Amino acid sequence: MNAPTTMTQLLPDVDHRHLDALEEEAIFILREVAGAFERPGLLFSSGKDSCVVLHLAEKAFKQKLSKPGERPVFAGKLPFPLVHVDTGHNFPEVIEFRDARIAEMGERLIVGHLEDSMERGTIRLAHPLESRNGHQTVTLLETIEEHRFDCMIGGARRDEEKARAKERIFSHRDSFGQWQPKEQRPELWNLFNTRIKPGEHFRAFPISNWTELDVWLYIEREKIPLPHIYYTHKREIYRRKGLLVPVTDVTPPDASDTVETVDVRFRTVGDMTCTCPVESDAATNADIVAETLQVTVSERGATRMDDRTSEASMERRKKEGYF
């Protein structure tokens, strides 16, 4: 009888040629952005996808000093700043990771604070504990206008959600920051039309063609650091509508809710008011790869409360300017 084989033992033998092709495409897109636009910015939320895009940007524009199998170390500077839209309701572990990562790299970080938009009166909440996730659009567009960005680079992938599957790699936004699905430009043979009029801008998605599994295989191969909440840890949660809602100051349980302490991890990170973990004992990248091979629901579908309001909720928000 054969002895059981673990994913950690199998990963070194995985054929990574598809990752090499995806990496090459992403680096080409990043260099195209740097060459075609005057004032690009890279959205960095410290989520796994934005960490992968940041690593790809370092590969595209910096000199790698570390050896294969080591935590990546690069010399040089990126040709654009990093940008984060802070709702004020982010997980503390994620903000700590963001600040430590920026300090380690020595890059410039521009933070658009949603609370500044609230003070200006451009965002008004119905009540203090209302989810701020949907309101990010206003702060994002204000940040783009303030710093005159003409292209924003992000880590959206087509396998995440139906509306994102419709979007091109270079997504044109009009002078109001809005996306028009029926007016997208063709991208035959990876030829990108980057022409814009004053006031317009683009969103660029270098990892559009990646899947969640590709992302985790690449994180494992490249030893990309992530916030520790992506791995198993104990957290107080309560169950609601099939989701595990974390107990936080902005998501307190009702009297009828039963609070449990469960081994969980986050498949995606975002605003605390709409992001839920999943039950998991995956402590390593290899463990997560094994889990990802078995899932049948995307990370947004399995963990995001804001995407369950309707089938078209994401597309409506993207038309309004959401990333």
Side-chain angles (χ1 to χ4, degrees), residues 11-12 14-84 94-111 147-157 169-170 190-192 194 202-211 213-228 230 269 284-286 289:
L11 279 179
V14 171
D15 187 343
H16 285 175
R17 283 179 293 182
H18 78 291
L19 291 182
D20 294 335
L22 290 171
E23 178 187 72
E24 182 180 350
E25 178 189 55
I27 288 175
F28 167 73
I29 293 165
L30 287 162
R31 289 174 176 167
E32 189 78 4
V33 169
F37 297 98
E38 293 183 7
R39 299 179 66 87
L42 192 157
L43 285 169
F44 181 64
S45 66
S46 298
K48 68 180 186 307
D49 297 324
S50 66
C51 286
V52 166
V53 174
L54 176 59
H55 177 79
L56 289 164
E58 290 192 290
K59 272 200 163 185
F61 301 108
K62 295 183 178 183
Q63 178 185 4
K64 189 173 183 180
L65 303 179
S66 54
K67 298 178 181 178
E70 297 179 346
R71 176 169 172 163
V73 177
F74 295 88
K77 291 286 185 181
L78 296 176
F80 36 68
L82 307 183
V83 183
H84 183 213
V94 175
I95 297 300
E96 290 173 8
F97 176 88
R98 180 201 70 184
D99 293 341
R101 191 80 179 90
I102 294 297
E104 177 185 37
M105 294 186 299
E107 296 291 346
R108 179 187 175 200
L109 174 67
I110 294 172
V111 181
H147 296 276
R148 297 185 292 114
F149 290 120
D150 53 5
C151 184
M152 300 301 295
I153 306 164
R157 308 188 324 271
I169 292 174
F170 278 77
N190 279 356
L191 297 175
F192 306 114
T194 58
F202 269 89
R203 312 282 173 88
F205 306 111
I207 61 171
S208 285
N209 294 325
W210 297 45
T211 66
L213 179 60
D214 294 330
V215 167
W216 280 109
L217 285 170
Y218 191 72
I219 289 169
E220 165 62 17
R221 187 182 84 170
E222 301 290 313
K223 308 304 178 189
I224 300 173
L226 297 178
H228 67 80
Y230 273 108
V269 298
T284 67
N285 294 329
V289 167

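Every heavy atom of this structure was used, including side-chain atoms; hydrogens, water molecules and symmetry mates were not. Remember, predicted model here, so these are calculated numbers, not experimental data.
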From Ile224 atom CD1 to Leu54 atom CG, the distance as rounded to the nearest 0.5 Å: 9.0 Å
Residue pair Gly155 / Asp49: nearest heavy atoms and the distance that separates them: O-CB, 3.4 Å
Whether Trp210 and Tyr218 hold their rings parallel, tilted or perpendicular, with breakpoints at 30° and 60°: perpendicular
Minimal non-hydrogen separation, Gly41 against Val83, with atom names: CA-CG2, 4.4 Å
Heavy-atom pair of closest approach, residues Gly47 and Val269: CA-CG2, 3.6 Å
Backbone of Val73 reached by a side-chain donor or acceptor of Ser66 within 3.5 Å: yes
Between CD1 on residue Ile153 and OG on residue Ser50, distance to nearest 0.5 Å: 12.0 Å
Non-hydrogen side-chain atoms of Ile207 and Leu22 separated by less than 4.5 Å: no
More than 12 heavy atoms of other groups within 6.0 Å of Glu24 CD: no
Heavy-atom side-chain contact between Ile110 and Phe149 under 4.5 Å: yes
Minimum side-chain heavy-atom gap Asn190-Glu32 below 4.5 Å: no
Interatomic distance, His147 atom NE2 to Met152 atom CE [nearest 0.5 angstrom]: 9.5 Å
Minimum heavy-atom distance between Arg98 and Ser46, given as atom pair plus value: CB-OG, 3.0 Å
Test side chain to side chain contact (heavy atoms under 4.5 Å, CB included) applied to Val215 and Ile219, step by step: CA-CA 6 Å; Val215 167; Ile219 289 169; 3.7 Å; yes
Glu70 CD: over 12 foreign heavy atoms closer than 6.0 Å: yes
Ile95 and His84, any side-chain heavy atoms less than 4.5 Å apart: yes
Backbone of Arg39 reached by a side-chain donor or acceptor of Arg148 within 3.5 Å: no
Validation row, ring centre Phe61 to ring centre Phe80 under 6.0 Å: yes
Separation of His16 NE2 from Glu220 CD (nearest 0.5 Å): 8.0 Å
Geometric class of the Trp216/Tyr230 ring pair [parallel <30°, tilted 30-60°, perpendicular >60°]: perpendicular
Spatial distance of atom CD (Glu23) from atom CG (Leu19) [nearest 0.5 Å]: 8.5 Å
Aromatic ring proximity, centroids under 6.0 angstrom, Phe74 and His55: yes
Side-chain donor/acceptor of Asp150 to backbone N/O of Phe37, under 3.5 Å: no
Any side-chain heavy-atom pair of Leu217 and His18 under 4.5 Å: yes
Arg203 side-chain N/O to Gly154 backbone N/O, donor-acceptor pair under 3.5 Å: no
Expected output: side-chain Glu107 to main-chain Leu78 donor-acceptor under 3.5 Å: yes
Check: Met105 and Leu82 side chains under 4.5 Å, non-hydrogen atoms: yes
Exercise: identify the closest heavy-atom pair between Ser45 and Val94: O-CG1, 3.4 Å
Side-chain touch Phe205/Ile29, heavy atoms, less than 4.5 angstrom: no
Side chain to side chain, Arg221 and Asp20, heavy atoms closer than 4.5 Å: yes
Distance-minimising heavy-atom pair for Pro225 and Cys51: O-SG, 4.0 Å
Point-to-point distance, once rounded to the nearest 0.5 Å, from CG of Asn209 to CD1 of Ile169: 5.0 Å
